[in-house]
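Computed from a predicted model, the values in this text were never measured in an experiment. Chain naming here is simple, since letters A, B, ... match the order of the sequence lines and numbering starts at 1 in each.
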There are 2 protein chains.
Amino acid sequence: MSTNNKRNGGLRERKKAKTMANVQMHALRLFREIGYNATTVEQIAEAAEISPSTFFRYFSTKEDVMITDNYDPLLIASFEKQPPELSTLQAVRNAMLSGISELSADEIKTMRERNQLIMSVPELRAATLNNLTQTMQLLTEMIAKRTGHKSDDLAVRTFAGAVVGVNISVMFYCAENPEADFAKMLDEALAKLEEGLPL
Amino acid sequence: MSTNNKRNGGLRERKKAKTMANVQMHALRLFREIGYNATTVEQIAEAAEISPSTFFRYFSTKEDVMITDNYDPLLIASFEKQPPELSTLQAVRNAMLSGISELSADEIKTMRERNQLIMSVPELRAATLNNLTQTMQLLTEMIAKRTGHKSDDLAVRTFAGAVVGVNISVMFYCAENPEADFAKMLDEALAKLEEGLPL
DNA sequence: ATATATAGTGATAGTTTGTTCCATTTAAAT
DNA sequence: ATTTAAATGGAACAAACTATCACTATATAT
């Protein structure tokens with residue numbers, strides 16, 4: 001490698017990231033304007049000034065353009081920083097919330113719009129839920145490691161399942177109540193889980 | 001209406017039910033033999049001796065042929081029969097398990113095969129999880145009714161989310177451990193939830 | 001028993017998503 | 001500057017759906 005670009009900030013990488021974000025932006029706009037199903041990939045590609053084939057190089061399906069994000073690595077990183085004296089659930093709670101607290105007001109607004117769209121379109125909802133199973137498996141491994149259990153221990157699995165389930169219910173809640181603050185609701189819901197689901 | 005057929009046991013209804021079961025059977029077989037994605041709707045239709053258009057009259061998507069079931073009404077019926085002195089979670093637990101306990105050994109075997117296929121094919125998994133959100137909403141209403149809360153109460157939502165999440169984790173567990181008994185695992189997992197997720 | 005209405009079926013053609021292959025352009029490394 | 005590797009666009013394609021229409025089988029009424 002010569003003087004300037006090596007691995008990360010190379011021109012190619014930057015251009016790719018920019019193109020991807022651009023495509024996602026146009027997709028979100030079109031989905032809102034004319035509906036998810038009514039929007040064709042061709043239209044998205046045209047709006048983003050790329051070819052349909054290039055669209056599919058960035059996103060393997062039409063759904064992916066709304067689903068793709070990278071919270072999992074952040075979640076792991078944050079979880080591993082949690083002090084060992086916290087309960088497991090406290091650690092998970094802090095980890096999940098710290099990712100959100102770093103977002104700007106603008107990003108939060110986009111996230112809310114995205115969440116509403118996702119929860120109202122069956123295809124997107126299904127893809128997102130499917131994605132959450134990966135998060136669940138990650139959580140499982142993280143918890144197993146922290147507590148010294150095996151990752152195929154039913155107790156660990158159950159724990160991770162409950163946390164992800166609560167997360168899903170909060171996503172629904174916030175989609176129905178647009179004024180609700182996602183982070184706050186998630187915090188309250190996980191607190192209830194810790195209290196043993198009082199009713 | 002004349003002498004014989006009225007609403008339920010009419011020839012039409014029976015024929016439809018028979019056709020539907022037949023299509024599902026052939027679909028499951030083909031999916032196992034040559035894989036989900038490699039199997040076309042045309043092949044399923046041919047095997048079941050119907051036309052592709054008829055396939056889509058019975059199942060609105062290819063996924064549906066594996067997903068369609070009717071546990072929700074059974075779940076409701078069973079839940080409403082649970083005595084009021086039980087805790088809410090106990091009532092849910094009994095309701096979920098009673099549906100399974102009525103199955104024959106053969107049906108359980110088919111259910112296990114179906115579960116393994118579903119959990120291993122992303123499309124089917126996504127569709128199933130999406131379906132579970134309906135169950136979650138049903139659970140929410142059932143629990144709200146039983147406990148006298150509103151159905152948009154966060155505590156109720158959280159409860160339902162946790163139960164469904166645990167259900168999902170058990171589905172994964174059983175897909176990975178084919179020898180595991182689904183009913184038993186679900187029972188144990190819900191017990192752990194009731195104990196406050198000990199680790 | 002027969003006629004009429006209704007519901008299920010199959011055939012066809014069309015749209016859209018998503019894949020594959022190849023030629024062309026563009027960035028990176030020496 | 002030249003070579004090497006990656007990204008792109010275009011075109012042709014398979015399969016999942018959709019819509020429509022004519023045809024058949026079933027149910028209902030007289």
Straight-line distance of A/Met142 CE to A/Leu138 CG, nearest 0.5 Å
7.0 Å
When you group the ILVMFWY residues by side-chain heavy-atom contacts below 4.5 Å and let the links chain together, are A/Leu197 and B/Leu86 in the same group?
no
Take the protein atom CD1 of A/Ile50 and the nucleotide atom P of D/dG9, then report the distance between them rounded to whole Å.
7 Å
Taking 4.0 angstrom as the limit, do A/Arg93 and A/Glu194 come out as a salt bridge?
yes
What's the NZ-C1' distance between A/Lys16 and D/dA7, to the nearest Å?
8 Å
Separation of C/dG18 atom P from B/Glu123 atom CD, nearest Å, is 10 Å
List in numerical order all residues of residues 34-47 of chain B for which some heavy atom is under 4.0 Å away from an atom belonging to DNA chain C.
none
Measure from the side-chain N and O atoms of B/Gln82 to the backbone N and O of B/Ser78, and report whether any donor-acceptor pair falls under 3.5 Å.
yes
B/Glu63 (side chain) donor-acceptor with B/Leu124 (main chain) under 3.5 angstrom
no
Single-linkage hydrophobic cluster, 4.5 Å side-chain cutoff, A/Tyr71 and A/Leu129 together
yes
Quick one: A/Glu13 CD to D/dA5 P, roughly how many Å, whole number?
17 Å
Candidate nucleotides C/dA27, D/dA25, C/dG8, ranked by approach to the side chain of B/Lys15 - the nearest
D/dA25
Looking at B/Phe79, does the NZ or CZ of B/Arg146 lie under 6.0 angstrom from its six-membered ring centre and within 45 degrees of the ring axis?
yes
Could you give the distance from CE (B/Met96) to OG1 (B/Thr135), rounded to the nearest 0.5 Å?
8.0 Å
Using a strict heavy-atom distance below 4.0 Å, which residues from residues 52-70 of chain A are in contact with DNA chain D?
A/Ser53, A/Thr54, A/Arg57, A/Tyr58
